[in-house]
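Okay, here's the structure, questions in a sec.
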Protein chains: 2
Amino acid sequence: MIRVLLADDEHLIRGAVAALLGLEADLEVAAEVGRGDEVAAAVAAYDPDVAVLDIDMPGADGLTVAEELAAAGARCSICILTSFGRPGYLRRAMAAGVRGFVAKDAPTEELAAAIRKVHAGGRYLDAELAASAMAAGDNPLTAREREILRLIGAGTETARIAELLHLSEGTVRNYLSTAMSKLGESSRFAAVRAAQEMGWI
Amino acid sequence: MIRVLLADDEHLIRGAVAALLGLEADLEVAAEVGRGDEVAAAVAAYDPDVAVLDIDMPGADGLTVAEELAAAGARCSICILTSFGRPGYLRRAMAAGVRGFVAKDAPTEELAAAIRKVHAGGRYLDAELAASAMAAGDNPLTAREREILRLIGAGTETARIAELLHLSEGTVRNYLSTAMSKLGESSRFAAVRAAQEMGWI
DNA sequence: TCCCGCGCATGACAGGTGTCACACCGGGAT
DNA sequence: ATCCCGGTGTGACACCTGTCATGCGCGGGA
């Protein structure tokens, strides 16, 4: 019997996924949590074999949680379950030692299959996602460009960014300009969206 | 036995919700579809008692589908199941004759309860959502303002919008300006976000 | 009836945005 | 050592954006 911890912020969906896994004879949902920052405590309390983590959660996102669990040397394997198959997410997950990555629009059987594979010590990647991650290549943005894109994404004005980073406004605009050109976009907002899409910021 | 049609674009989630409903003795999932524009045909083919529709779907969004089903005089009751409890969505759903509205982060039992209530001819509204819909008030945007905000949201440039709508660029900017002031935002992009948040466009 | 308010529409103006040419510095390659 | 490349940084310029004053037409009260 494989004991599973389920972390997803949408209560009804979490229950539904639990019902789905409950149909499998060899899987058992040992615990459910609705926030990223509750995962560590639940892992300590219930000692699950596999943790299934959503990325988009309040408290702490699934990737950060995965990194923390890996750093803490947790025993359980980790499987990411997400709506957004962003190439950068997959990279970050792999770097954190995650061995399973399933998209929410994958076929129904795929989640159980991924959990079994991961529990057996294997890896399970959505083929589509892996391909697009390869196609996307490495993050072409410099540290400054990422930083400024992040601030723009948070709604910060050019003048405030220049102040925070001790730069002139022209310089801030210039980094945005190079970032936009690298991303093939023609406005700062489109660039932020594109960078987020790729999981680069 | 209540026969249910399930429409949600995320395959795995759809299967999970089906598993959840399958645990209820009096509910049966008669059909599943993954696109809004497949709902009408499935309703015709399987004649379900209740249609559970996600809002965010390719092909046609759940609210539009609900309006079309109502206009076509379909027999089945409709229950909206969505991640986003936007006030405007609830209003639009009510106007389309939808009698159930459940958020994806509602408690697990709530969906089955809503389906039963709706099938019995009653209404089922998430209390939180109903309250915020009341608080949000009516859509203050004029038709032109909505149209232009929608186009901006789709990434259309000012010049192209002016051309499409046979307006001068200045006029387009002016509608954006009044919309921004109504929404309390100071950039076109923030205004689009705010309007989407309220379900106004 | 007259007028007020509202939606629609326009052009002018000030200020913000994106691009460009240019400069400096540190690290490889030759 | 020298050259070149990429990251960092700056100001100037053209263009786009948001606001304002203004005008038109229509429908609902006084």
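Everything numeric in this text was worked out from a predicted model, so none of it was measured. Below, read A as the first sequence line, B as the second, and so on, with proteins coming before strands; counting in each chain starts at 1. Side chains are part of it too, since the values below use all heavy atoms of this structure and drop only hydrogens, waters and symmetry mates.
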Could you list the donor-acceptor pairs under 3.5 angstrom formed between side-chain atoms of residues 94-101 of chain A and any protein atom two or more places apart in sequence or on another chain?
unit_1, atom_1, unit_2, atom_2, d
A:Arg99, NE, A:Gly122, O, 3.0
A:Arg99, NH2, A:Ser77, OG, 3.3
A:Arg99, NH2, A:Val118, O, 2.8

With a 3.5 Å cut-off and sequence neighbours excluded, list the donor-acceptor pairs that the side chains of residues 149-161 of chain A form with protein atoms.
unit_1, atom_1, unit_2, atom_2, d
A:Thr156, OG1, A:Leu151, O, 2.9
A:Thr158, OG1, A:Arg188, NH1, 2.9
A:Arg160, NH1, A:Glu163, OE2, 3.4

Applying salt bridge (charged side-chain N to carboxylate O under 4.0 Å, His left out), name anything that partners A:Asp47, two or more places apart in sequence or on another chain.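 For A:Asp47, the residues satisfying salt bridge (charged side-chain N to carboxylate O under 4.0 Å, His left out) (neighbours in sequence not counted) are A:Arg75.
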
Minimum-distance pair of heavy atoms, taken over all atoms of A:Cys76 and A:Pro48: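 Closest pair (atom of A:Cys76, atom of A:Pro48, distance): CB-O, 3.1 Å.
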
Partners of B:Thr64 by side-chain hydrogen bond (donor to acceptor under 3.5 Å, both in side chains), sequence neighbours excluded?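 Scan of B:Thr64 (side-chain hydrogen bond (donor to acceptor under 3.5 Å, both in side chains), adjacent residues dropped) gives B:Asp61, B:Arg92.
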
Mind checking which nucleotides bracket the chain A contacts on DNA chain C, 5' to 3', with an atom under 4.0 Å from a heavy atom?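 Reading along DNA chain C, I get C:dT17 to C:dC20.
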
Flag side-chain contact, heavy atom, 4.5 Å: A:Thr142 against A:Lys182: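 In contact.
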
With a 4.5 Å heavy-atom cut-off, do B:Ile80 and B:Leu63 have their side chains touching?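 Contact flag for B:Ile80/B:Leu63 side chains = yes.
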
Among residues 147-179 of chain B, which ones have heavy-atom contacts with DNA chain D below 4.0 Å?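 Heavy-atom cutoff 4.0 Å gives B:Thr158, B:Arg173, B:Asn174, B:Ser177.
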
For residues 3-13 of chain A, which side-chain N or O atoms pair as donor and acceptor with protein atoms under 3.5 Å away, sequence neighbours left out?
unit_1, atom_1, unit_2, atom_2, d
A:Arg3, NH2, A:Tyr46, O, 2.4
A:Asp8, OD1, A:Glu10, N, 2.9
A:Asp8, OD2, A:Lys104, NZ, 3.2
A:Glu10, OE2, B:Ser83, OG, 3.1

Which residues within residues 181-192 of chain B lie with some heavy atom under 4.0 Å of an atom in DNA chain D?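 Those residues are B:Ser187, B:Arg188.
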
What is the first contacted nucleotide of DNA chain D and what is the last, in 5' to 3' order, if contact means an atom lying under 4.0 angstrom from a heavy atom of chain B?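 The contacted stretch runs from D:dT17 to D:dC20.
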
How would you list, by chain and number, every residue that makes a side-chain hydrogen bond (donor to acceptor under 3.5 Å, both in side chains) with B:Glu24, sequence neighbours excluded?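 For B:Glu24 the side-chain hydrogen bond (donor to acceptor under 3.5 Å, both in side chains) partners, ignoring immediate neighbours, are B:Arg116.
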
Is there a side-chain contact between A:Leu165 and A:Val172, using heavy atoms and a 4.5 Å cut-off?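 When only atoms from C-beta onward are counted, A:Val172 and A:Leu165 do not touch, as no gap falls below 4.5 Å.
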
Checking B:Glu110 now: which residues fulfil side-chain hydrogen bond (donor to acceptor under 3.5 Å, both in side chains) with it, not counting sequence neighbours?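 side-chain hydrogen bond (donor to acceptor under 3.5 Å, both in side chains) list for B:Glu110, sorted by chain: empty.
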
Through what angle, rounded to 10 degrees, does the axis of the helix from C:dT1-D:dA30 to C:dT30-D:dA1 turn between its ends, using five pairs per end?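 So the angle between the two local helix axes works out to 10°.
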
